[in-house]
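Notes follow the structure.
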Amino acid sequence: MTEIAMQLTNVRKRIGNKEIIKGLSFTINRGEVFGFIGPNGAGKTTTIRMMVGLMKLTEGDVHILGKSIKTEFKEAIREVGGIVENPELYPFLTGAQNLKQYARMIPGITQERIDETVKLVGLEKVMNEKVGRYSLGMRQRIGIAQALLHKPSVLILDEPTNGLDPAGIREIRQYIRKLATEHNVAVIISSHLLSEIELICDRIGIIKNGELVAIQAVKENTPAGEQQLLQVEMEATPLEKALEVVNRKTPAAQTNGKITFQTEKENIPLLISDLVKENILIYEVQVTKSTLEDKFFDLIGENIID
Amino acid sequence: MTNFLNLIQNEVIKIYRLKSTWAMYVILALIIIGVGLLAKTYGDFMTYEEDTWRETLETENAEYMKDTEEFPDMESFNSTFIEINNYYLEHDIMPESYGAWQFVMENEMLLSLVSLFTIIVAAGILANEFRWGTIKLLLIRPISRTKILISKYSAVLIFSFITFLFVLLFSWIIGGIFIGFDGMNPHIVLEKGDGVEYVPVIGEIITDYGFSLVNLLMMATFAFMISSIFRNSALAIGLAIFLMLAGNQIVFFFIERDWAKYILFANTNLSQYFNGNTPMMEGMTLGFSVTVLVVYYIIFAAITWIFFAKRDVAGH
Ligand SMILES: Nc1ncnc2c1ncn2[C@@H]1O[C@H](COP(=O)(O)OP(=O)(O)O)[C@@H](O)[C@H]1O
Ligand SMILES: [Mg+2]
């Protein structure tokens with residue numbers, strides 16, 4: 001049974017006479033990772049600021065486990081942990097002292113809970129160092145630890161992959177997935193780069209100019225018939241013969257000495273085995289771009305997202 | 001309630017983990033040590049003996065009179081000293097030697113440094129959270145903004161109080177080490193509004209320091225307000241220090257106007273109503289000044305609250 005963790009109803013924000021957020025409505029379920037994608041300036045951070053009560057809503061409401069952020073702030077925010085924009089902590093305090101600050105603000109957070117959270121994000125070794133000396137990746141992680149201390153039902157991460165190297169991004173993906181699956185947390189994760197987060201999202205909402213332009217389910221649990229197509233690039237010899245074999249299953253093209261085609265995930269091993277049977281040498285198989293990304297580009301209407 | 005104490009604890013920790021806070025205490029300590037050394041080196045303190053103090057005072061008086069003959073400008077200055085000495089003689093009280101408590105009393109000017117540091121802390125405690133970006137993590141807790149605000153203000157007052165005690169205690173220790181401890185409750189003769197009086201030094205310290213706390217409190221609250229409005233500590237520090245220094249000039253500039261008595265700085269010095277002093281302007285009473293101060297305080301607090309609790313925490 002799906003349980004709604006957060007619900008946005010016709011959320012609007014006007015600053016001066018400029019409407020920045022133009023009536024967003026969507027829900028996020030418990031145990032779900034929701035990707036909030038849009039180019040810079042689309043309104044992701046503004047929406048998140050309203051979700052956590054940093055900014056007032058011009059219109060509409062946000063409910064967290066049924067509690068309104070406007071009228072039941074304390075009850076609603078109790079269920080939320082997050083990072084807004086950058087993981088900014090007190091640079092002159094150590095990691096441990098920073099977490100202690102947040103632990104003191106909510107009753108019932110024990111030292112064991114702090115240790116547990118520190119272990120989850122793998123920062124045990126640097127807890128007694130000043131946060132000012134942390135790398136960006138370490139700050140993202142202590143930011144996440146800070147957000148998880150009080151076991152929130154909703155975790156909001158605003159561009160958590162910003163400035164991280166691929167290894168750091170992979171690591172963050174791992175525990176976000178774990179939180180959603182094992183702890184039934186609803187995770188909202190914003191990014192301007194679809195490719196960085198689509199792999200862990202169950203659903204993606206695309207925002208542009210303050211409007212939600214699409215909501216799209218991703219991954220295996222997509223209903224049959226709506227199977228997601230992957231863009232595959234392959235280097236093989238002889239090229240002509242390989243092209244012919246692939247073409248039996250799916251239309252393929254030849255670009256820059258490589259074969260490119262679209263297909264479902266489970267077709268890839270079948271294709272490879274066909275090719276091998278025909279004595280074709282395969283040097284490289286690469287899944288380059290998902291069609292979701294193509295769709296994203298279409299919706300955003302530009303190729304350069306920044 | 002424990003929750004609120006936790007918030008105050010958080011704020012006090014943040015104040016005292018900053019290096020700049022420790023620099024303040026180092027500065028105060030160095031100044032007090034410096035003044036103590038100067039007093040020890042250049043002060044020629046009279047010591048009075050049980051059986052010779054009367055002669056010592058007579059000799060002093062003779063010297064003051066000779067001095068006045070040579071430098072007539074010094075007349076009023078010297079005559080006060082003579083008057084004080086005569087008081088001791090007439091009442092047959094042996095003057096106590098200069099020591100730690102009197103040193104503390106004379107270090108009252110250090111309180112303007114305590115005011116200055118309190119202003120700096122009050123100006124930073126809100127604005128810094130915005131500068132560091134930590135305000136966002138602070139406000140997404142199940143705690144009302146009003147409570148956060150009050151905890152921060154309380155922490156400023158705690159800082160101020162600790163610093164104030166530090167100046168008192170450290171002055172007393174340095175005075176004692178360099179000059180000598182002068183007993184638990186020394187009395188001296190001081191010039192008051194009408195004539196000289198025999199008073200306890202500790203009482204003088206409490207009233208002098210106490211009166212200057214009014215100004216300290218008002219300026220700290222003002223700096224706190226400015227930092228809530230503009231979210232910028234430099235501006236808050238600058239404005240508050242400017243007003244602290246220029247406050248009296250502002251009053252004198254407008255002293256002819258009948259609304260001048262409503263200016264904050266015409267009312268911050270409550271000692272104008274005590275010790276036979278005359279109030280700054282006609283129609284001013286202690287009750288009047290206290291009312292004016294309370295009204296200013298409420299206005300400062302209300303503006304601080306409106307700007308902190310009601311405004312969006314938006315991007316830059
Ligand atoms: N305080 C503000 N005042 C006016 N405009 C703002 C303010 N904050 C953000 N905006 C505008 O709102 C839009 C959305 O910004 P933001 O939510 O930060 O986008 P994102 O996080 O998706 O990059 C931008 O055009 C930005 O210029
Ligand atoms: Mg943003």
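All heavy atoms count here, side chains included; hydrogens, waters and symmetry mates do not. Throughout, protein chains are lettered first and strands after them, A, B, ... in sequence-line order, and every chain is numbered starting at 1.
To the nearest 0.5 Å, atom NZ of residue K14(B) and atom CG of residue N98(A) are 9.5 Å apart.
Both the backbone and the side chain of L89(A) come within less than 4.5 Å of a heavy atom of chain B. Q146(A) touches chain B through backbone and side chain together, each having a heavy atom under 4.5 Å away.
With R141(B) contributing its side chain and Y102(A) its backbone, the two residues share no donor-acceptor pair below 3.5 Å. Checked by atom type and distance alone, the side chain of K56(A) pairs as donor or acceptor with a backbone atom of K310(B) at under 3.5 Å.
Between L93(A) and R17(B), the shortest heavy-atom distance links the atoms CD2-CG, 3.4 Å. Taking all atoms of both residues into account, the shortest heavy-atom contact from Q101(A) to N10(B) is O-ND2, 2.9 Å. Taking each heavy atom of P142(B) and R78(A) in turn, the nearest pair found is CG-CD, 4.0 Å.
Looking only at heavy-atom pairs under 4.5 Å with chain A, the residue among L139(B), L18(B), I13(B), I135(B) that has the most is L18(B).
Two residues are said to be in side-chain contact when any heavy atoms from C-beta on lie closer than 4.5 Å; L7(B) and M105(A) meet this criterion. In this structure the side chain of N128(B) never reaches within 4.5 angstrom of the side chain of Y90(A), judged on heavy atoms. Using a 4.5 Å cut-off on side-chain heavy atoms (C-beta onward), E88(A) and L137(B) make no contact.
Atom NZ of K130(A) sits in a sparse spot, with 12 or fewer heavy atoms from other residues, nucleotides or ligands closer than 6.0 Å. Counting heavy-atom neighbours within 6.0 Å of Y262(B) OH, excluding the residue itself, gives a total of 12 or less.
Taking a cutoff of 4.0 Å between a charged side-chain nitrogen and a carboxylate oxygen, K13(A) and D312(B) qualify as a salt bridge.
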